[in-house]
Each structure stands twice: as C-alpha cells, then as structure tokens.
Undergrad: 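Input: one structure, supplied below.
Since the structure is predicted, the reported quantities are computational estimates derived from the model, not experimental observations.
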Amino acid sequence: MTENRFDPSTADGRWQSAWEQAGTFTADSNSDKPKSYILEMFPYPSGRIHMGHVRNYTMGDVLARYKKMRGAEVLHPMGWDAFGMPAENAAMEKKVHPGAWTHSNIEGMKAQLKRIGFALDWTREFATCDPEYYGHEQALFLDMYEAGLVYRKSSEVNWDPVDMTVLANEQVIDGKGWRSGAEVEKRKLDQWFLKITDFAEDLLEGLGNLKDWPDKVRLMQENWIGKSSGLEFSFELSNGEKLPVYTTRPDTIFGASFVAVAADHPIAKAVAEDDPLAGPFIEECKKGGTTAAELETAEKLGFRTQLSARHPFTGDPMPLFIANFVLMDYGTGAVMGVPGHDQRDFEFATKYALPIERVVAKDATDADAPMGNEAEAGDGVIVNSEFLDGMSVEDAKAEVIKRAEDGGWGEGTTVWRLRDWGISRQRYWGTPIPIIHSPDHGPVPVPRDQLPVELPEDIDFDTPGNPLERHPTWKHTTCPISGKPALRETDTLDTFTNSSWYFLRFASQPPDKPFDAEEIAKWMPVQHYIGGIEHAILHLLYARFWTRAMAHIGKLDVKEPFAALFTQGMVTHETYSLGDGSWLSPDEVSKDGADWTRIEDGAPVTAGRVVKMSKSKKNVVDPDAIIDQYGADAVRWFMLSDSPPERDLPWSEAGIEGCWRFVQRLWRLFDAYDPAATGEDKALARKAHQTIVAVAEDIEALSFNKAVARLYELTGAAEKAEPSEARNFAIRAILHMVSPMMPHLAEEAHAKMGADGLIADAEWPAHDPAMLVEDEVTIAIQHKGKLRDTITAPKGAPKEDLEALALASEKVQRSLQGAEVRKVIVVPDRLVNIVT
RNA sequence: GCGGGUGUGGCGGAAUGGUAGACGCCGGGGACUUAAAAUCCCCUGAUCCUAUAGAUCGUGUGGGUUCGAGUCCCACCACCCGCACCA
C-alpha cells in the first residue's frame, strides 16, 4: 500500500523545480493575453514566515493560478518591505548590523516561501532597502518636492528625556518610554510633510469608484478623510484680539457657554506671559503621548484664563479656557463649547460648573425639558435661540452661516480631518531624505546625478538617537549651489513611503528610472490586492495618494492603484498556560482525554482562549515544521478550508490531520481513474458540471471555504460512484479544480495519469450548460410557520398543482386537524405555506 | 473616547426574506486486521416522548415588521481591528 500514497517530501521539491526551470510563473509584459495583476501585501522580513503570511499568500496564489487557467497573463510578484524599526532593535539587542540582519531574514523567509510552492515571479523580487529601490524613491521624492507637494513645518513627537531620543507610538507604554521608563514628553521638531490634503477631495470622491473594495474599508477611509462643513468665525476677546474658531454646529451657537483653545495655541502662550499659573498648566498638557486615543481618553482638563469672548449675537461674555482636548491641528485650534449638544463639552462643563443649556429639542414644546446625564447630539428642533427657534438643525446651520457672511464676521467653510503626511523619522534604517541644508540657500535638493544618497555602513547603536546624526562624516557635504560646506538631512523617510509605490516597481523596473509609464499601463491597476484589515486606512490611503501624486506630476497614467481589495482575517490558535500564568507553546503540551498537561513533567495546563498567534502568548505554529510533516498541499488546503477568508482562522492539529487525510483520499481517487471505463452516470455528471461552475464562482468571489466544501462533496460522490465515463470526467474535473489549491499533488497525479505538460499550464475545465438544470425540485410545506412535510415536484410545476399536492399530504392534514384554510402562499419551486 | 467590524451545534462554518446546521473537525458505534496504523460504513443541536413515528425549543440579549426572520428595523451586551512614528 505504501506506493499508493502521495509523498510530498519528494514530490513538492520536484515540481517546484519543474516550474522554476520552465519559467512557468514569469510574467511577460509583452504578452498578447489579457493581463491580470495579483498582489498580496509584501512582508516585513521579521525573521520567519508565519501562518498569517501563509494564509495571505495562499489566497493570492489560488487566484493567480486560477487566472492563468482562465487564459490570463498573470503578474504575481514578491518582495520585501525591508526598512523599519525591528532591524534597529535587533541591532541594539544582538549587535548585528540592521542590513545584515534584514538580508539574512530575507534569505530564510524566501526559502520558506519557496517550499510552499507559490506561483511567484521571483525575477522581479526586490527589497526596499536596496539602494537601487530607495534611490528611485529619492528621485520620486524630489519630483514631488519640485511640484510643491513637499514642505517643512514644526510638529510634535514623543520625546524620551532620559534616552534623549524620539519614540514611536508603540514605544510609549502608559505614557512612559519602553526602555527608560521615563515619562514621555511632547516636543516640537521641524519635519517634512507631503501634501496629501491637496488630494483630500479626490481621495474621497475616488472611493465611489472602488466598487470591489469592502464597504467597511471605504467607510473607514471616508471617516478618516472626514470632510465636514461648518462655520469659521472670530470671537472678539476682552483684550481686543480676535480669536478664530471653527464649528460644525453653528445651529447651536446660542447654547455656547465657554470658548477653549489648544495648549499650544498662540493665545495660550500669550496668556502664559501674563498669568504665572497658565505656564504650569501648559507644561502639564505636554506630558503624555501624542496619540489620538491617549488624548481623547485623558481626563478633560482646562485652565480658566482672565479673558472672555463676546458672543456674536447676544454680546454676552463667555469665559476663555485653555483645554487639553482641543487639538491645534484641527480647524483653527479653538472651539466654542456647547455643553448641551457635544459630549466632550458636556463633560468639560460639568467638571468646571459651566452652564449647560438646551438649544435643540425633540419638539418645540420640549424647550424647557431638563438635560440628562449626557449631551444630546441628535437631530431636532432649535429652541431658546431667538431668531432660530422652530428651525430644523439643517436650516439653522444655513441661517447662522448666512447671517455671519452677511455681517462680515464669519464664513461657511469645509474642514478636513485628514492631516498632511508627516514623513520625517529620526532613524537610521530608512530611505535618506535627499536634501542638503545649505547655510545660504536653506534646504536644497540633492542633484539627481548624486542619487542614490546611500546609507553609511559603518554605524553603531551603542548610544541612543539617530546614527546618521552621530556619524563622523556622512552628513557633511557641500551645498550644490554655492559649494560651501553644508549638512545632509539626517531624517529618513517613513517606511509607509516604501510601500506606497512598490506595486509600480513590480510591474515595471527599468534601471534608469523608477518605472516606465507605458509598461505600467499594461498591468495596472492591481486586479486583486490582498492583505490584512489593519492596513485599511493608512497604507491604502497613502498608496492611493502616492499614485495620484505621480499622475499629477505626469509620471503615470493610473489614478487608483488597486481595483479590488480583499482583507483577510488572522490565523489564531488556542493558548496554553500553567497555574502561574506563564504561557506554553503548542508543542510543549499534550492532551490526555479532556485535560491538557505539560509533556516535560505532566504539570496540569489550562487551555485558554483562541487568539491571534503571537510570540508573547507562545501560541505560534511554525509553517516549516508543518510542511516537514504534511507537505505544502495539506497546509495550503487548511488555509482555504472552513473559515471564510475575511474572518479569523483557528489553527488546529486536528484540522491539519483532516487535510492530510483528504490529500491521500484525492490521491486514491485519482489512482482510480480508469481510461477504459464506459457507461453513463447522469447524476454524477450533473454534479460535476454544477461544481465546475460553482467552484469558479467561489474562487472569483474569494469564497475559498465554499469552493473547498463543494470539492469535498463532489469527491465524496465520485468515490461512491461505479466506474463510468461520467466518473472519469468528474475525476479529471476535480484534478483541475484542486490544482490551484494543491498544485504539487495535482502535478503528480496529472503526470501519473500520463498527461502531457504541466497542469499549471492547463485550462480550467469546460462545463456543459445543459447539464446544470435539475428537473425535479423538493418543495417545503409549512403550516403555522413550521415545516410539516416535503414533497418532490417537477421543476416549474404550476402553483395550483403544488397547492393540491401540499393539501393532499397526510402529515399536513394531521397538522391541520380540520382547521379552516384561510390562505395558501405558494413560492414556485420552493415552498407552500398554509395559513389557518 | 472616536471610527469600523463580528456574534449560528462540542468546534470552524453553510443558508437570493422561504426546509437552520451543507461541508469539515471532534465524539460515539460498527466492519476489515492476530493486533495496530491506514481505510470504509452508520450515528451525532437540545429537551420531551407512548421512541423507525411525533412534539416543543433553538442563530449574543430584548422588542418590532411579515403568511414566514439567522437574514429587514429599533435598543442593548460581549469580543476584535484602526486611531496618523509598529508594519
């Protein structure tokens, strides 16, 4: 029996070599075939491929192989998002150079990917840390610089006062530096920004054309861009100055009871010069991190200044506060506080005992209804507001804007939540920003013929801070204009810039420029882009912006980079812990009956929640170990089975065992293929034809779990059937349909059946439309809304016949018990519902 | 805090407003075998029951619309993702 088993340990490598030698998956830009660009988000080379990668790339691989079977010229490339903080952390901890660490990780991970048999075009591989790649990126940066899309301004960073270094948000834990434990401060630095806000309207409108993106992602981007219309006007302050504020709720202006400015607002600074108590409050606001989540969950604090603002309609004075929840980056950095109808203002007013007045009510008669324990932000009728009384919220907004514009003290404006993209990072392992700071000419672009500006190799991480800043010679250069000594920019680019155009470089990689627009046009947009939901906003928005920016400056004839987007779920695993709360890895434990124990000493183990695989919880399974045991195809099949691809997939030992059994079941079925078999099997033939259509639909919808279920069903039916021509047809159909999912098994069986060539080059099986139609259907019969019986009827039977058949049913009569039939609802080919 | 999502047997899940639980896993029983592995067959939501039949309940919770709701509407609960320097 041993020779009748599929042995992946020899077969996998053999077919992987065969594909490589034949160049099966090398994409030809000049092919006449219709093009299909399938792309999965490229990985960060963290060290090892994990199951999340395997799932992501298996989905893309099935699509790529399927499209090829459907006659497309497929581009399915792979590369490395190779810049980033982990390499610097490794450098600090293990004393390895970030580049050496990264390249060694790439080598290992590439070998891992190759073992899984992905249909990738490795001839186009690159890493973003290759000077060739980041040199082209520097050229694109300068293009944008020259087009006025880059500028410099002061912006806040997290500053660790002990390590004297800038911290990423993830390095700030509970407001403290992750290494030093020191309380983090906000500090302002001059940084480079890209004008993504110039494209805000276009990025928003473009979402409407992205029909094949998940609704949720479009909605998230829409909210992130955050277009809002409102009123910008100035309060007259008691010291005679004007204070511009922006509000989206001008209709509630009569409910305003205070005015507040951000801690870094010029007025706050001015107040601090006169009021000795204001300074410490502003300093207090600088403590803690810079993230939105931290700012918004922090307790709302304010400082009451001696100034007041004059209400534009009533003339009443309102106190002016400096408040920690007002953001300098949004609107004008100052707000009017309407506690009755804004939750943040409500909490603030409650804390500082400010009036909370109702100016919106359900109904005009509810004008005096008391306010509850929270703000009422909903729709209603305006009350207690003089000339606005009785108006709807919408009409009142328009009326206030009109009066402000007529009176010349304010105007209706559009404000965006989206902020310009800060791209400066005070780090070594990134793309050097190709700018020279000249003493005479300020920032000057590095001349094109001096690109790439390469990172120096001889650096160290022995002291905190940016090694580029500390390097003895690297930053010293000359001004391209005056020739006088000048300093290089020592900040590097945000790694999101690297991933904002890598898909263009995959499609076209001339040596002398970033990409060739004509060649790009052959492949772009990406037909299917697959990756994690965690990239729903930032990466995808930046890539959409970058593509537009390239088109804007005439480098590209593409606007939207990704025609269809798919966001896959995570791979999860049960967790195991000892009594002391320490985590154990899956291979340290075993199950005895219902109980888990540690293999080493039999200590009792608690099996806990199923969560995302992570090193910290030790619930990781290494793809290499699984492939050693079961081969690539069983792992690929597991990745596609059961869970819908957009949801989480729980890894289990039992599950992979089941996949392994199915691999062997298929092998035996293929072995039972008998070219000499004759005879009919109408039912099996029909099922095979139906499955061919359904599986194709499922793959195109990325519903791999459904395709898998249908293949199980057809396999079961073919196994049970007697040899016949129909059975042979079904077996060949199954072989071809599983070939994108289990390519090694399929090639091996294909060859064993004596077929020529590679199944990777084969076509998707054809179906006969006449074989798809059933001639009998099962009809459900309901009474009192419950199923009482089912009957079989010819497809398309008239309603009267179905009604008669239903009423004739013995079970139905028993349920009716002679009750009067008041109504019969008949849905043809579906059901009969009897109402009594 | 704000924005987005998810919730169906022991588990993963299926189901154009029309037979809830397809398909897989786990579990139980049986066949084959000296035995084991492998393989094959049958059963498998809960409760009741006069038990090859039948009844009731059941898709996170509470309401509603409908002849009919997992699916549509309203309110709530739990968990997950993102929040601009993680990638």
Side-chain angles (χ1 to χ4, degrees), chain A residues 1 5 41 43-44 46 81 83-86 157-158 166-172 191 196 214-217 219-224 226 290-298 300 325 329 343-344 347 417-427 494-496 498-499 532-539 541-542 567 569-570 609-612 641-644 646-650 652-659 661-662 664-665 668 705-706 708-713 716 719 778-790 811 814 822-825 827 830-836:
Chain A
M1 284 293 274
R5 285 173 75 77
M41 292 176 186
Y44 178 79
S46 57
D81 188 12
F83 275 137
M85 282 202 316
V157 293
N158 299 308
V166 176
L167 298 178
N169 284 335
E170 74 159 14
Q171 296 173 318
V172 179
Q191 308 198 59
I196 189 172
D215 290 342
K216 62 177 173 185
V217 175
L219 192 56
M220 281 191 260
Q221 292 216 346
E222 187 181 326
N223 289 334
W224 185 263
T290 58
T291 72
E294 269 181 302
L295 295 175
E296 287 173 38
T297 49
K300 285 163 193 52
F325 68 92
D329 287 335
Q343 188 58 28
R344 281 181 309 188
E347 288 169 29
R417 207 187 77 96
L418 181 68
R419 307 199 300 261
D420 276 335
W421 177 10
I423 48 170
S424 292
R425 297 292 181 272
Q426 297 71 37
R427 296 185 208 293
D494 178 8
T495 57
F496 272 123
N498 308 141
S499 53
I533 185 68
E534 66 274 20
H535 297 293
I537 297 176
L538 294 180
H539 161 58
L541 195 65
Y542 292 149
T567 54
M570 299 178 297
R609 290 182 41 188
V610 178
V611 297
K612 179 182 180 174
S641 303
D642 294 353
S643 288
E646 68 278 12
R647 291 224 219 137
D648 290 351
L649 172 68
S652 74
E653 194 64 27
I656 187 69
E657 292 274 357
C659 294
R661 282 198 298 272
F662 186 64
Q664 300 303 341
R665 242 176 96 188
R668 287 190 300 274
N705 58 321
K706 292 192 219 168
V708 163
R710 290 186 213 283
L711 287 165
Y712 272 122
E713 280 191 73
E719 283 169 338
T778 305
I779 308 284
I781 308 172
Q782 296 180 338
H783 172 227
K784 291 183 186 164
K786 289 200 172 59
L787 181 73
R788 303 297 165 176
D789 198 5
T790 57
K811 289 176 182 173
R814 199 160 51 216
R822 291 194 302 155
K823 196 174 173 187
V824 179
I825 289 154
V827 182
R830 281 266 175 194
L831 96 169
V832 179
N833 189 5
I834 299 162
V835 186
T836 55

Undergrad: Under 4.0 Å between any heavy atoms, over every strand shown, what does A/Val611 touch: base, sugar-phosphate, or nothing? Just pick one.
TA: nothing
Undergrad: Looking across every strand, which nucleic acid part, if any, lies under 4.0 Å from A/Glu713 by heavy atom: base, sugar-phosphate, or nothing?
TA: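 Sugar-phosphate, no base atom in range.
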Undergrad: With heavy atoms under 4.0 Å as the rule, sort A/Thr297 into base, sugar-phosphate or nothing.
TA: base
Undergrad: Nearest to the A/Ala709 side chain among B/A22, B/C81, B/A84, which nucleotide is it?
TA: B/A22
Undergrad: Scan nucleotides 7-19 of chain B nucleotide by nucleotide, 5' to 3', and note B when protein non-hydrogen atoms come under 4.0 Å of the base, S if they reach only the sugar-phosphate, - if neither.
TA: S----BSSSB-BB
Undergrad: Among B/C80, B/A84, B/A87, which nucleotide has an atom closest to any side-chain atom of A/Asp81?
TA: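 When the side chain of A/Asp81 is considered, B/A87 is the closest of B/C80, B/A84, B/A87.
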Undergrad: Treat primed atoms plus P, OP1 and OP2 as sugar-phosphate and everything else as base, then score nucleotides 39-47 of chain B 5' to 3': B for base contact with protein heavy atoms under 4.0 Å, S for sugar-phosphate contact only, - for none.
TA: SSS------
Undergrad: Between A/Arg419 and B/A84, is there a side-chain N or O to OP1/OP2 distance below 4.0 Å?
TA: no
Undergrad: Who are the ring-ring contact (aromatic ring centres under 6.0 Å, His included) partners of A/Phe325, not counting sequence neighbours?
TA: A/Phe348
Undergrad: Determine the contact category for A/Arg609: base if any of its heavy atoms lies under 4.0 Å from a base atom, sugar-phosphate if only primed atoms, P, OP1 or OP2 are that close, otherwise nothing.
TA: sugar-phosphate
Undergrad: Choose from B/C85, B/G5, B/C83 the nucleotide whose nearest atom is closest to any side-chain atom of A/Leu219.
TA: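 Ranking B/C85, B/G5, B/C83 by closest atom to the A/Leu219 side chain puts B/G5 first.
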Undergrad: N/O contacts under 3.5 Å, protein versus nucleotides 56-64 of chain B?
TA:
unit_1: B/C57; atom_1: OP2; unit_2: A/Lys786; atom_2: NZ; d: 3.4

Undergrad: How is A/Phe496 classified with respect to the nucleic acid when contacts are heavy atoms under 4.0 Å: base, sugar-phosphate, or nothing?
TA: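 Since a base atom lies under 4.0 Å of A/Phe496, the category is base.
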Undergrad: Would you indicate what A/Lys811 reaches in the nucleic acid, counting non-hydrogen atoms under 4.0 angstrom: base, sugar-phosphate, or nothing?
TA: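 Result for A/Lys811 = sugar-phosphate.
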Undergrad: Scan A/His535 against the nucleic acid and name what it touches under 4.0 Å (heavy atoms): base, sugar-phosphate only, or nothing.
TA: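 Base contact.
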Undergrad: Taking OP1 and OP2 of B/G4, is either one under 4.0 Å from a side-chain nitrogen or oxygen of A/Asn223?
TA: yes
Undergrad: Describe the nucleic acid contact of A/Ser424 in one word from base, sugar-phosphate, nothing, applying a heavy-atom distance below 4.0 Å.
TA: base
Undergrad: Which nucleotide wins on minimum distance to the side chain of A/Asn169, given the candidates B/A87, B/C85, B/G1?
TA: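 Closest nucleotide among those given: B/C85.
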Undergrad: For A/Trp421, answer base if it contacts any base atom (sugar-phosphate contacts may also be present), sugar-phosphate if it contacts only those atoms, and nothing otherwise; contact means non-hydrogen atoms under 4.0 Å.
TA: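 If one applies the 4.0 Å heavy-atom cut-off, A/Trp421 turns out to touch nothing in the nucleic acid.
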Undergrad: Taking only residues two or more places apart in sequence, or in another chain, which ones meet A/Tyr44 in a ring-ring contact (aromatic ring centres under 6.0 Å, His included)?
TA: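 If we apply the ring-ring contact (aromatic ring centres under 6.0 Å, His included) test to A/Tyr44, skipping adjacent residues, there are no hits.
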Undergrad: Under 4.0 angstrom, heavy atoms only, what part of the nucleic acid is A/Gly226 near: base, sugar-phosphate, or nothing?
TA: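 Result for A/Gly226 = nothing.
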Undergrad: Let me have RNA chain B in dot-bracket notation, would you? Count Watson-Crick plus G-U wobble pairs, both distances under 3.5 Å, and use [ ] for pairs crossing earlier ones and | for inter-strand partners.
TA: (((((((..(((.....[....))).(((((.......))))).((((.....))))..(((((..]....))))))))))))....
Undergrad: With sugar-phosphate meaning primed atoms plus P, OP1 and OP2, does A/Leu418 contact a base, only sugar-phosphate, or nothing at under 4.0 Å between heavy atoms?
TA: base
Undergrad: Can you check whether A/Arg814 has a side-chain N or O nearer than 4.0 Å to OP1 or OP2 of B/A53?
TA: no
Undergrad: Checking all strands, does A/Ala293 fall into the base, sugar-phosphate, or nothing category for heavy-atom contacts under 4.0 angstrom?
TA: base
